Amino acid sequence: MTQVSLRPYQQEAVRRVVDWFRRSSEPAVVVLPTGSGKSLVIAELARLARGRVLVLAHVRELVEQNHAKYEAYGLQADIFSAGLGRKETARQVVFGSVQSVANRLDAFGGGDFTLLVIDECHRVDVSDDATRVSRYQQVIDHLRAANPNLKVLGLTATPFRLGQGAIYHQHYHGMVRGPETSFFRACVFEQPLRVMVRQGYLTEPRLIDAAIARYDFSHLITRRDAAPREDELNRVVKGSRATPVIIEDVLAQATDRQGVMIFAATVAHAEEILTYLPPESALVTGQTETRVRDEIIADFKVRRLKYLVNVSVLTTGFDAPHVDVIAILRPTQSVGLYQQIVGRGLRLSPGKTDCLILDYAGNPWGLYDPDMTTPRPASDTEPVQVPCPLCDFANTFWGRMDGEVLIEHFGRRCQGLVEGEQGLTQCLFRFRFKVCDECGTENDIAARRCGGCERLLVDADNQLKEALKLRDAKVLRVSGMELVAARNGRGMPRLQVVYHDEDGAQLDEWFALETPAQRTVFERVFLRHHLRAPGTGWVPDSIETVCAEHARLRAPDFVIGRKVGRYWRIREKLFDYEGRYRRADSAS
């Protein structure tokens with residue numbers, strides 16, 4: 001048998017998988033960056049397995065690649081893939097495409113498969129909705145019906161799904177990453193991209209801020225769980241004056257480079273891009289005939305072509321190590337897709353010292369921050385550490401710093417795991433929340449039903465609608481919040497908080513901060529909702545401190561007041577509003 005040497009992190013990944021499945025049958029994930037050798041980890045696990053093993057991938061290139069790495073051990077395995085013209089199931093280990101296997105489940109019965117390995121497992125979609133059962137779910141359900149103790153392992157460089165976030169619930173570092181309902185229970189090993197680059201296993205990505213010209217896709221990014229439609233993208237890029245300027249910049253940046261991949265927004269966009277490129281260029285789309293596509297990719301790999309334009313393909317299962325320029329001319333709301341695109345240029349190759357990442361679409365993702373599964377809220381935000389005041393876990397959220405002071409963060413709930421009666425569970429502390437009027441439970445700001453009493457939570461749109469009907473109610477679309485060191489009618493010092501709307505109307509509220517009891521009330525009634533960095537322990541001891549550090553506080557989106565006698569009293573404040581009413585353009 002041929003001896004194959006695994007790198008230290010590959011050995012550690014194998015060890016952790018074996019340890020996990022010795023004590024659990026819940027699905028697990030291994031995260032390894034593009035170019036880190038997932039195929040070798042799969043091969044070693046298949047070699048160690050005691051029962052039969054099925055290794056699934058979604059494209060024939062990955063099936064072939066994984067099969068080749070396994071046979072490099074001097075072992076033999078079958079291939080079950082219509083695209084490769086082979087449908088074999090006799091040997092202990094079978095490498096198959098998910099489409100082909102799902103179409104012939106009868107060939108995989110008997111209950112002798114003990115391990116299912118899924119490459120690029122971020123594509124797995126397992127749902128409780130019986131009306132939409134994915135190919136992966138068909139295979140998993142079939143194998144589990146025959147063997148309830150089936151072990152399922154996923155491998156990916158990008159463990160995220162659009163609109164869901166992380167595809168697994170727990171991370172072995174002791175934190176929560178995805179929903180409790182995630183199909184994959186835990187990530188049992190992860191090798192960070194930054195470490196791979198530092199250790200010399202991958203090429204350094206060098207992000208160039210493309211200031212020459214950019215497309216403005218910002219108005220298309222309206223929902224985190226849905227990508228813009230092709231017609232919407234075309235309205236931005238079709239005939240755009242930015243395109244020739246951008247391609248001119250790409251050509252200038254790539255003068256002394258070996259291979260350039262350009263990711264276009266639409267087919268029409270890609271076809272226009274091709275007209276500005278030199279003859280050693282080609283285009284591949286999802287509609288490109290298989291034979292033609294294979295010829296183009298072969299020419300690119302042997303460098304007969306320098307520029308390869310593509311639309312929504314070549315993001316996984318594509319290996320051209322000489323690529324040293326990635327030009328991104330399309331938006332993506334998926335951190336996983338962004339990382340896959342960048343990963344096309346990170347493999348090592350002779351004469352290659354780095355890979356230029358040219359982003360002309362203003363994508364909000366960082367190269368080394370895949371854990372930040374929500375888009376960067378603004379260009380001046382950065383990953384910040386926020387300790388949980390309940391369990392001390394060091395959370396990482398997007399935020400803003402002023403020197404050493406954390407001014408703002410966008411975290412909602414602590415990501416830490418704590419020991420409970422049911423084992424490890426997520427810490428209950430919420431940095432931002434909405435309170436149930438019935439039972440007082442703190443819920444996620446997007447929750448529709450209370451997690452404590454199961455009642456439907458009051459809808460913000462309904463609150464506004466009902467308030468607008470009342471004669472004795474005033475609704476402010478808040479455009480600004482003013483803090484004033486004032487005095488009340490008896491001459492006592494008070495903090496006056498004034499809310500302004502776009503039409504000049506205002507409502508205010510008053511707070512005393514002289515005694516500990518007054519400061520406690522201020523913290524409970526005001527600070528817990530207005531702090532830009534909740535949970536950080538900032539409790540000002542004077543009105544002057546509050547006014548001086550007003551940058552720590554945020555204004556609500558709406559304020560609802562009711563008239564009591566001759567005066568107006570604030571009854572409701574709506575934060576993090578995402579309903580159908582317009583917010584003030586200049587809210588601060």
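Owing to the predicted nature of the structure, the values given are computational and were not obtained by experimental measurement.
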**Study point:** side chain to side chain donor-acceptor pair (under 3.5 Å) assessment of T158 paired with Q340
**Key:** CA-CA 7 Å; T158 53; Q340 292 283 2; 3.0 Å; yes

Practice item. For side chain to side chain contact (heavy atoms under 4.5 Å, CB included), just list the numbers for R413 and F431, CA-CA rounded to whole Å, side-chain angles, deciding distance to a tenth of an Å, and then say yes or no. Key: CA-CA 6 Å; R413 184 176 176 181; F431 293 93; 5.8 Å; no

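With respect to R229 and E232, a salt bridge is recorded, a charged nitrogen being found less than 4.0 Å from a carboxylate O. A salt bridge does not link R582 to D557: none of the charged side-chain nitrogens sits closer than 4.0 Å to a carboxylate oxygen. With respect to R60 and E64, no salt bridge is recorded, no charged nitrogen being found less than 4.0 Å from a carboxylate O. Here D324 does not pair with K352 in a salt bridge; the nearest charged N to carboxylate O distance is not below 4.0 Å. Taking a cutoff of 4.0 Å between a charged side-chain nitrogen and a carboxylate oxygen, R257 and D354 qualify as a salt bridge. Salt-bridge formation is not detected for the pair E289/R293: no Lys NZ or Arg NE/NH1/NH2 atom is positioned less than 4.0 Å from an Asp or Glu carboxylate oxygen. A salt bridge links E180 and R185; the closest N-O separation between the charged side-chain nitrogens and carboxylate oxygens is under 4.0 Å.
Using a 4.5 Å heavy-atom cutoff, the side chains of L155 and I42 are in contact. Contact annotation: the side chain of N234 never approaches that of V236 to less than 4.5 Å [non-hydrogen atoms, C-beta and beyond]. No side-chain heavy atom of K38 sits less than 4.5 Å from a side-chain heavy atom of K69. For the pair P278/Y307, a side-chain contact is recorded, criterion being any heavy-atom separation below 4.5 Å from C-beta on. Considering only heavy atoms from C-beta on, I341 comes within 4.5 Å of I328 through its side chain. Using a 4.5 Å heavy-atom cutoff, the side chains of V124 and F184 are in contact.
At a cut-off of 3.5 Å, with distance as the only test, a side-chain donor of N66 or S39 sits close to an acceptor on the other residue. Side-chain polar atoms of K573 and H530 form a donor-acceptor pair below 3.5 angstrom. In the model, Q170 has no side-chain atom that pairs as donor or acceptor with a side-chain atom of Q426 under 3.5 Å. The closest side-chain donor-acceptor pair between R303 and Q258 falls under 3.5 angstrom. Between E230 and T266, the side chains place no donor N or O within less than 3.5 Å of an acceptor N or O (distance only, hydrogens not considered). In this structure, a donor-acceptor pair under 3.5 Å is present between the side chains of Y215 and T243. A donor atom on one side chain and an acceptor atom on the other are not found under 3.5 Å apart for S479 and H500.
With sequence neighbours left out, the side chain to side chain donor-acceptor pair (under 3.5 Å) criterion links S240 to no other residue.
The backbone N or O of A82 lies less than 3.5 Å from a partner atom in the side chain of S100, making a donor-acceptor pair. Of the possible donor and acceptor atoms, one in the side chain of N395 sits under 3.5 Å from a partner among the backbone N and O of V386. Side-chain N or O atoms of H122 include none that pairs as donor or acceptor with a backbone N or O of I167 at under 3.5 Å. Side chain of D319 to backbone of R347: no donor-acceptor contact under 3.5 angstrom is found. The closest donor-acceptor contact from the side chain of H67 to the backbone of V63 lies at 3.5 Å or more, if one exists at all.
Ring centroids of F393 and H173 are separated by 6.0 Å or more, keeping the two rings apart. Between Y577 and F558, the distance separating the two ring centers is shorter than 6.0 angstrom. Residues Y136 and H58 place their aromatic rings such that the two centres sit no closer than 6.0 Å.
Atom CZ of F410 and atom CH2 of W398 lie 10.5 Å apart (nearest 0.5 Å). One finds the CD atom of E295 at 11.0 Å from the CG atom of L305 (value rounded to the nearest 0.5 Å).
Ring pair F189/Y172 is parallel by interplanar angle, where below 30° counts as parallel and above 60° as perpendicular.
Among R432, R554, R552, R400, the single residue meeting the salt bridge (Lys or Arg N to Asp or Glu O under 4.0 Å) criterion with E408 is R400.
More than 12 heavy atoms of other residues, nucleotides or ligands lie within 6.0 Å of CD in E12, so this atom counts as buried by the packing criterion.
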